[in-house]
Amino acid sequence: MASATAVAIGGSFLAAFLQVLFDRMASREVLGFFKERKLNDRLLRKLKVLMIAVNGVLDDAEEKQIAKPAVEMWVNELKDAVYEADDLLDEISYEALRPEVEGGSQSSADQRVKEEMETKLGEIVDTLEYLVQQKNALGLREGAVEKASSQRIPTTSLVDESGVYGRDEDKEAIMKLVRSANENGKRLDVGIYDAKLLRTFLPLSEAWLRNQINVLPVSRVWPRNEIDNKVTHDLLPRLTRLRVLSLLNYSNVAELPDSMGKLKHLRYLNLSATSIKRLPEVVSTAYHLQTLILENCKELVELPDSVGHLKHLLYASLKGSKIKILPESMSTLYNLQTLVLEDCRHLVRLPHSIGNLKRLRYVTLKGTAIKKLPASMGGLCNLQTLILRSCKDLIELPDDMGRLINLSHLDIEGTKLSKMPQHMGKLTKLQNLSDFFLGKDTGSSIQELGKLKHLQGGLNIWNLQNVGTAPDALQDNVKGMKHLKTLNLMWDGDPNDSGHVRHVLDKLEPDVNMEYLYIYGYGGTRFSDWVGDSSFSRIVSMELSRCKYCTSLPPLGQLGSLKELMVRGFEGLAIVGREFYGSCTSVRKPFASLESLTLSMMPEWREWISDQGMQAFPCLQKLCISGCPYLRKVLSNHRLPSLTTLEIEGCRQLVTSFPRCPVIDEIKLDDGFRHLLLRRLPSGMHSLEVDRCYSTNSIPKEMEQIGCFLTTLEEIEMENCDSLKCFQLELFPRLKILRISKCSNLEFICEHEGPLEDLTSLHSLKIWECPKLVSFPKGGLPASCLTELQLFDCADLKSLPEHMNSLLPSLEDLRLFLLPKLEVFPEGGLPSKLKSLYIEDCSKLIAARMQWSLQSLPSLSKFTVGVDENVESFPEEMLLPSTLASLEIWSLKTLKSLNYSGLQHLTSLEQLTITDCPNLQSMPGEAFHFYHERPVGETECLQTSGLGIKTVEDTDQNGLSGENSKWSEDSKGRLSITSDNRSAPTR
């Protein structure tokens, strides 16, 4: 099916190609050559008649060639003949213009050329006569198939390299060439393929090429750079009938051989992303070249003068190259229509002669280092698109830009222009103009802009402070631009006359079809009446920025389609009142469609007044307020049913109630004195981070202020809240994780002294550096699902929660750090499911270790004890349970020995880690043989002298000295014994 489709497509292409040949045969260039050189024009007429004859049956041939090989062969032979005719017409075109290209007059060789051309033409006519005779025998009939629509070959010179007819055949041909070259060992042998049929050469993908090469023996596979070299030097010069050549991404190609001059029939040449440094002078022999693409050729710095001989060139792109200057000879490319110099960052000027390229329609200099354009560019009367975006050094445009009467697209965004040239109003066909710069005393005035009635898309008007006071300067300048969708109005500097500024804004009223409006640097005290008028029903986005003298906001609530609003830099605004909402009714709510609102950099703003009865902002999803240090109220008690994100930064006095937000996803409050972040979790619940809330003594109260439901909080992290004395844990029934740290005045985590209701959701509780925390609630902490409890540096804490064994039945991890007043575990001991116990710097608790009752913990597998100066021997007999798999002892400064009687029953022990015990002198040698790896440095806490420690040479293969046991030092310098044995160590 695929091959059939390709054949049918080939037929369609041939029919279109014949139409092109008809046009070429009737061209003044060909007919003039026949007449001037006295060629046999009878042959030319006969060629046309024969082509008409075969063209009539092509539709029928397209259908029948799929099923009939003989018809397919006939079409292929016809294709060869048509291509030969096209090649001959190429030669005729070249010979007709050769005197102009090469100079000089006709020579005696012209007679030989004439004879050769007549001979070739006669052969082509004979072939076509034979094919016409065969069409009846093959049963091909004229008009046998109705075609849906006639097709002509596209007039563009660009090629879609992803879908060119005949690619499958070309791929197979190239692979034959590669395989043949591998078999021959040196050159690419084109003899096995009829090279004259190859018209298109496009790059194969790396993946496809690798897949095909894999069928070859490894010893015969070339590296990619060799393939690239052989293709360019051995193969391509032989494909003399090529029309399309692309070496895109042949990064190893640094030069083209002079033999490429044989490719005289090229129409399309793409050398993008190669390493080519120069084009060979012989490129001029590709006289019919229409498209030249040299994009991202990072080594290319210049073009040869001979490029000026490419008289048929229509499209040239040097995008991303290092070209510094264009050769003057390019001024002779009279047919050039498109010139792409985008991102040629070293290009600083264009030749003055560029004005000779009268057929130029599209020029882009985006991202170049151009400072000025040649004055001659004003004479490019056919130019339609000129892109100068991001030319950061461009300071002026040609004075006679007004002569570019066909210009429809001018992009000058991101330049250093300060004015527009005179007579811009003559560019009446201009549809897209990115920016218009108003000069102080020179250049086009605002009236010239008003003449461009066909502008569409977006427009930035700069330096409006330069609009004069003359009556004719204050006309309706943009109202007639009915297709303009985006308008940015920008002033610069302080106004001398706020009334004049207001008058200028009055006259800049756009059409009601406007969708995006941006006003920057406006110096009036209030806005024009049209700003916020309900007639602008299509505005969806608006920004008012740095309007520092305005004392009130326009009635923007009347804009029914407004979705995004930003108000910034209103330095004189103190109150946002009801005027902001406009004259809306209960039926038509203010800001009915607004989804995002940003208010920032308003240093005098103190209050935001809102009438709850108006039900404003029903669709508001995001509210951001920043840089308003005196603001005290924000929509107090106002309900925002759709708000999901609330961000408030730099508003230190904002302490009253926030709007109520039932579907909130994120609240961020940060003003240097406090940081609060509320986020929705994947579960649909919320997490809360609070930092530096120095004025808060009640978290529930803080939550009430932002309209947050306490029952939705699943995670809370509190830090540096110095005023917080009581957390009120009982008010968060669905809380799973609670972390409190550095709250210097926290005394209680529950407000009531009596027993708490069951905290069934709490899984993790961590309290760090809260020196005034004394105790837990009386009666204990009923958290049946709590699995982790950490207490660190709570200097006044005297006891753990009561009845831990029964009220915390799920506790698995208990970590106690720096609790100097904690003496004992609670009555009843620790929970039976406890797996990990960590005790550090708890001197009184460690002193009372014989009361720990750890033997009653059947699940305890990991125990760590550290930081004490009163322990000389450890562990005491029966202190530790036999279930321990890991024992860590560290920083027991006075520890002298390990107690064999306290270790011998630890039959499950897999790892023993001892760190920073400088006085440890003896080990129970009769209990263990130690596999001691060579020295572990100064951090080693065990001394080899006087101990029963054997070196590697002395160690047997039993117990902890076996092949599955070893001493090791971790990143903290701790020395440990690790065993993978599950049986008890050998005694």
Side-chain angles (χ1 to χ4, degrees), residues 766-771 773-775 789-800 804 813-826 829-830 834-857 860-881 883-906 909 911-924 927 936 938-943 947 969-970 972-977:
K766 299 179 181 180
I767 303 177
W768 288 47
E769 298 180 70
C770 296
L773 180 66
V774 177
S775 63
L789 175 60
Q790 287 188 16
L791 302 171
F792 172 74
D793 196 10
C794 298
D796 285 345
L797 186 65
K798 297 179 180 179
S799 62
L800 298 178
M804 288 181 65
D813 190 346
L814 176 61
R815 298 178 180 237
L816 308 173
F817 308 77
L818 199 57
L819 306 175
K821 293 186 179 181
L822 181 63
E823 298 184 3
V824 295
F825 290 142
L830 301 176
L834 193 67
K835 295 180 179 180
S836 177
L837 176 60
Y838 194 113
I839 301 175
E840 175 189 323
D841 205 359
C842 301
S843 56
K844 291 185 178 182
L845 183 62
I846 293 175
R849 57 187 176 276
M850 294 308 298
Q851 302 177 36
W852 287 352
S853 301
L854 300 185
Q855 290 288 344
S856 63
L857 304 179
L860 191 65
S861 60
K862 183 176 182 179
F863 177 67
T864 300
V865 62
V867 190
D868 191 271
E869 297 185 355
N870 298 304
V871 178
E872 295 186 357
S873 178
F874 189 86
E876 284 75 11
E877 184 175 357
M878 302 307 293
L879 174 66
L880 304 178
T883 55
L884 280 188
S886 173
L887 173 60
E888 181 176 0
I889 302 170
W890 75 284
S891 197
L892 298 184
K893 301 296 187 180
T894 58
L895 183 66
K896 295 180 179 180
S897 64
L898 293 183
N899 191 342
Y900 167 61
S901 61
L903 294 172
Q904 63 178 341
H905 65 287
L906 302 182
L909 193 65
Q911 180 170 331
L912 172 62
T913 302
I914 305 173
T915 309
D916 192 21
C917 298
N919 292 305
L920 183 60
Q921 297 176 357
S922 64
M923 290 285 292
V936 293
E938 296 180 359
T939 58
E940 180 177 350
C941 60
L942 296 180
Q943 304 298 321
L947 296 179
E969 183 183 16
D970 65 11
K972 296 182 179 180
R974 302 184 218 183
L975 191 64
S976 63
I977 307 172

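Every value quoted in this text rests on a predicted model; they were computed, and no experiment measured them.
- If you take CG on Leu819 and CG on Asp796, they are separated by 11.0 Å, rounding to the nearest 0.5 Å.
- By the 4.5 Å heavy-atom criterion applied to side chains, Val867 and Phe817 are not counted as neighbours.
- Considering only residues two or more places apart in sequence or on other chains, Glu769 meets the side-chain hydrogen bond (donor to acceptor under 3.5 Å, both in side chains) condition with none of them.
- Shortest non-hydrogen contact noted between Leu857 and Pro881 is O-CB, 4.3 Å.
- With Thr894 contributing its side chain and Glu869 its backbone, the two residues share a donor-acceptor pair below 3.5 Å.
- Summarising the geometry of Cys917 relative to Ser891, their closest heavy-atom pair is SG-N, 4.0 Å, with the distance given to 0.1 Å.
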Test side chain to side chain donor-acceptor pair (under 3.5 Å) on Glu888 and Ser886 and set out the steps.
CA-CA 7 Å; Glu888 181 176 0; Ser886 173; over 6 Å; no
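- A 4.5 Å side-chain heavy-atom check between Leu845 and Trp852 finds at least one atom pair inside the cut-off.
- Side chain of Thr883 to backbone of Leu860: a donor-acceptor contact under 3.5 angstrom is found.
- Remark: Phe874 CZ to Leu895 CG distance equals 8.5 Å, nearest 0.5 Å.
- Pairing each heavy atom of Ser856 with each of Ser853, the nearest pair is OG-O, 2.7 Å.
- Residues Leu822 and Leu797 fail the side-chain proximity criterion, which asks for heavy atoms closer than 4.5 Å.
- A distance of 7.5 Å separates CG in Leu830 from CG in Leu800, rounded to the nearest 0.5 Å.
- Proximity of a side-chain donor or acceptor of Trp768 to a complementary backbone N or O of Gln790 within less than 3.5 Å is not detected.
- Applying the side chain to side chain contact (heavy atoms under 4.5 Å, CB included) test between Leu887 and each of Leu898, Leu909, Thr864, Ile914 identifies Leu909 as the sole match.
- Counting heavy-atom neighbours within 6.0 Å of Glu876 CD, excluding the residue itself, gives a total above 12.
- Using a 4.5 Å heavy-atom threshold, the side chains of Val871 and Arg849 count as touching.
- Note that the CG atom of Leu912 and the CG atom of Leu903 stand 7.0 Å from one another [nearest 0.5 Å].
- Counting all heavy atoms, side chain and backbone alike, Ala795 lies closest to Pro820 at O-CG, 3.8 Å.
- Looking at Trp890 and Thr913, their side chains never come closer than 4.5 Å, going by heavy atoms from C-beta outward.
- Within the 3.5 Å criterion, the main-chain N or O of Ala848 finds no donor-acceptor partner in the side chain of Glu823.
- Looking at heavy atoms from C-beta onward, Ile846 lies in side-chain contact with Ile839 at the 4.5 angstrom threshold.
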Stepwise side-chain contact (heavy atoms from CB on, under 4.5 Å) check, Leu920 with Ile889:
CA-CA 11 Å; Leu920 183 60; Ile889 302 170; over 6 Å; no
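- With values rounded to the nearest 0.5 angstrom, Ser836 atom OG is found 8.5 Å from Leu814 atom CG.
- To the nearest 0.5 Å, atoms CG (Leu816) and CD (Glu840) are separated by 10.5 Å.
- Tyr838 is not listed as a side-chain neighbour of Asp813, based on a closest heavy-atom distance of 4.5 Å or more.
- Of the possible polar contacts, one joining the Asn919 side chain to the Lys893 backbone as a donor-acceptor pair under 3.5 Å is found.
- For the pair His905 (side chain) and Leu880 (backbone), a donor-acceptor distance under 3.5 Å is present.
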